[in-house]
Every structure is written in C-alpha cells, then in structure tokens.
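Notes for the one structure printed next.
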Protein chains: 2
Amino acid sequence: MAIFSKTCEYAIRAVFYIAHTSNKGHKTGIKDIAAGIDSPELYLAKILQNLSKQGIISSSKGPNGGFYIQESSLTKPLSDIVEAVDGNGLFYGCALGLSQCSEVNPCPLHHQFKSIRDQIHQVLRQTTIGEFNEELINGLFSLKK
Amino acid sequence: MAIFSKTCEYAIRAVFYIAHTSNKGHKTGIKDIAAGIDSPELYLAKILQNLSKQGIISSSKGPNGGFYIQESSLTKPLSDIVEAVDGNGLFYGCALGLSQCSEVNPCPLHHQFKSIRDQIHQVLRQTTIGEFNEELINGLFSLKK
DNA sequence: TTTATAAAGGACAAAAATATCTTTTATTAG
DNA sequence: CTAATAAAAGATATTTTTGTCCTTTATAAA
Ligand code: FES
Ligand code: FES
C-alpha cells in the first residue's frame, strides 16, 4: 500500500508535468505527458479528462490542442487533486476503517493518526501545483519511474 | 483511499481484539472476533491464518480452540502487522510512485513526505499490540464500525 | 470546405483486492 | 475410538482498480 492510489500518483505527476511545460499558452499533448511521467497513455487520458472536468487543468481539442494550466491555477493546492481523485478519506477517515472517526468513540490509534492525517492535509494544502516549476525545468526533481 | 488496506484495518483491529481477550490462556474463536470488530467472518479467517503463519498471533484447532496471543507477543510493534499485510511501501515507497524513493533523484514531494512517512513508521514501531488492552477492557476505545 | 489533429466519451478487458464456500486436518471431550 | 469442534487449506465468486480499444466531437490549418 502506498499513500495515494496509482491513479492519484499519475494525476499529481501529470499536473506537475503540465504545469512546468505550460508557460506562454503552450499546450501539451497526452502522448508527451504520458512519456514525460512514465504512465500508460490511455489510462492517463481518462485521468486528465476527469481533472479537466473538475476545472483543475484545462484542455483544447484539435491541432495544436492539448492540456494546459491557467496561470491562476498554478496556485491551487495539491489537496485539490487528491480530493478530486482519492476523495478526502486520507484527511478525515479513521485509520482503522471505523465508519466515522470521532473523539467520542475513537479507535485505539485515533490520537496518533489524527495528528499524522492533519500533517498530510497541511502539506497538501500548502503545496501548490506550480511550486516546483523552476526545479522541474532545471531537472532537480524527477517525475519518471 | 485510506492509509491502510481494508485487509490491514481488519488485521489490526482483530489483533487488538484478540490481545485484550486473551489473558490467562483464553482463546477466542473466529466468530467472536469477527462480531467483535464488525468484519466479514470468512475473510477475516484468511487474514488471521496469515498472521498466524507469520507468528504474530497463535492458534489452536479443535474444541476450546481459537486464536490467542502469547504474553511475549504483546510487546510486538504494530509495524509488524502492517508489514506482514501491506508490506513496507508506506514506510519506504515514493509518495508519487517512482520506482524508488531516493535523495539523489527525488520526486517533488520527497522532502515533505519523507518526514511524514518517518512519523508513520515511528508511531507504528513504538505502539505495541498489547498497549491498549486496559482501555479496551474499559470500553474507552472502539474496534467496531 | 476538407482534412488532419487531439481530446472526449463509452464500451470493454485484465488484474488486484475483497469476500464466500467447501473440504480437510488437528484436537479435545465423551 | 468416536463424535464434535474449530482452524487450515484450497477453490471460487464478486467488486474495485487499473488499463485498453474504438468511435465521436471539436478545432485548426490548408
Ligand atoms: S477514530 Fe480511528 S482515527 Fe479517529
Ligand atoms: S522520491 Fe518521491 S518520496 Fe522520495
């Protein structure tokens, strides 16, 4: 088990990739993105369709079309992507799968994991989509397997 | 997405349940455990078979048989259960699914998530199987949905 | 307007996780 | 020894996740 679903991993990596390639109105095709993040092209297409519907990224059809991110969206937090794909279980769900996480009727791990979940949430809320563009351009970070 | 797989959630809850019922050599049957933690009985049976093979819990067949935990095993860390069921991806895997998490070729989220993973690992290593027995007996913690 | 391009959409397929069913084996009580 | 009990083992079923294929729609260039 990983922290995020595979779908969500692809989604975040793809959004980072699109963000750092989409300056001055440049659009990136699915083939390029899939190659850039080492993911199955057709599956990624579905994921990006979803993110596009949710308004996290944008797309245009036809020649010179592709996926891109509005300047204004670069400041959106990563938690938007995670919620869109994996839901908010990671932020609010009980670590042991109880139907609701509550202070009143807590599971044994409640206290320790509440703190961990809060931290995950905070990191994802304070990290933005566009935040790593420079490092990505400079090759300091990897998005490939 | 939750932190642990459903299988692992059942496993941890079941082990807690067994731990707090298994004093003075008492053994607990699968029916009792499944009811006690609100889980599908036959699926849980498979999970406990596995934990038993891995030496985390013990079992005996026949009349008055059932599952129990050796006194000495009460001090085992929860990380043993998690590793047995979900593997160590949560502790060592890359948050964005890169084939290996490395300082040399890190993903953009490496630093922040390394710290989070380490904390999860630490909590699970320092929390023991038997640690909550008293609270469980006193009904301060819940293992049921 | 026609053609080429690229995403959207819907159907389908494969793999993994979750769940159930049936038979076998070990153990204990009578 | 026999019968009853309870876990082990193996087979099968269902659901969810992941991945692919094929057709349609929108757009732009020629
Ligand atoms: S009740 Fe389990 S984490 Fe809060
Ligand atoms: S490389 Fe992604 S978490 Fe370390």
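A note on names: the letters A, B, ... follow the listed sequences, proteins ahead of strands, and every chain is numbered from 1.
Summarising the geometry, the separation between NZ on Lys31(A) and C1' on dA8(C) is reported as 16 Å, rounded to the nearest angstrom. For Gln49(B) and dT18(C), the CD to C1' distance is 15 Å, given to the nearest whole Å. Nucleotide dA8(C) holds its C1' atom 12 Å from the CD1 atom of Ile30(A), rounded to whole Å. The nearest whole Å value for the distance from the CD1 atom in Ile47(A) to the P atom in dG9(C) is 16 Å. Rounded to whole angstrom, the span from the NE2 atom of His26(A) across to the C1' atom of dA6(C) amounts to 13 Å. Rounded to whole angstrom, the span from the CZ atom of Phe67(B) across to the P atom of dA6(D) amounts to 12 Å. For the pair Leu51(B) CG and dA9(D) P, the interatomic distance rounds to 14 Å; values are reported in whole Å.
In terms of the side chain to side chain donor-acceptor pair (under 3.5 Å) criterion, residue partners of Ser5(B) (sequence neighbours excluded) are, by chain and number, Asp86(B). Taking Lys46(B) as the reference, nothing meets the salt bridge (Lys or Arg N to Asp or Glu O under 4.0 Å) condition, with sequence neighbours excluded. Partners of Ala95(A) according to the side-chain contact (heavy atoms from CB on, under 4.5 Å) rule, which considers only residues two or more places apart in sequence or in another chain, are Phe113(A), Phe4(B). For Lys144(A), there are no salt bridge (Lys or Arg N to Asp or Glu O under 4.0 Å) partners two or more places apart in sequence or in a different chain. Legend: residues meeting side-chain contact (heavy atoms from CB on, under 4.5 Å) with Lys53(B), ordered by chain and number and at least two apart, are absent. Looking at residues two or more places apart in sequence or on another chain, you find a side-chain contact (heavy atoms from CB on, under 4.5 Å) between Asn88(B) and Glu83(B), Phe91(B), Tyr92(B).
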Below 3.5 Å, can you tabulate the donor-acceptor pairs from side chains in residues 97-106 of chain B to any protein atom, sequence neighbours excluded?
residue, atom, partner, partner atom, Å
Ser99(B), OG, Lys145(A), O, 2.7
Ser102(B), OG, Val104(B), N, 3.4
Ser102(B), OG, Asn105(B), N, 2.8
Glu103(B), OE2, His110(B), NE2, 3.2

Taking only distance into account, with no hydrogens and no angle test, what donor-acceptor pairs under 3.5 Å do side-chain atoms of residues 63-81 of chain A form with protein atoms, sequence neighbours excluded?
residue, atom, partner, partner atom, Å
Gln70(A), OE1, Ser58(A), OG, 3.2
Thr75(A), OG1, Ser72(A), O, 3.1
Lys76(A), NZ, Gly55(A), O, 2.8

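For dA8(D), the OP1/OP2 oxygens have a side-chain nitrogen or oxygen of Ser52(B) closer than 4.0 Å. Taking 4.0 angstrom as the limit, Lys6(B) places a side-chain polar atom (N or O) nearer than this to OP1 or OP2 of dA19(C). For dT18(C), one of the phosphate oxygens OP1 or OP2 lies less than 4.0 angstrom from a side-chain nitrogen or oxygen of Thr7(B).
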Given protein heavy atoms under 4.0 Å, the one-letter contact record of nucleotides 20-30 of chain D, with B base, S sugar-phosphate only and - none, is simply BB---BBBBS-
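Dense packing is recorded around CD of Gln126(B), with more than 12 heavy atoms of other residues, nucleotides or ligands lying under 6.0 Å away.
Across residues 85-95 of chain A, not one residue has a non-hydrogen atom less than 4.0 Å from an atom of DNA chain D. For DNA chain C, no neighbouring residue in residues 8-19 of chain A is found when judged by any heavy atom under 4.0 Å.
Contacts classified as side chain to side chain donor-acceptor pair (under 3.5 Å) and involving residues 30-44 of chain B (residues at least two apart or in different chains) are given here: Thr7(B)-Tyr43(B), Tyr17(B)-Asp32(B).
Residue Leu48(B) is classed as having no contact, given no heavy-atom separation below 4.0 Å to the nucleic acid.
No donor-acceptor pair under 3.5 Å is formed between the side chain of Gln54(B) and the backbone N or O of Leu51(B).
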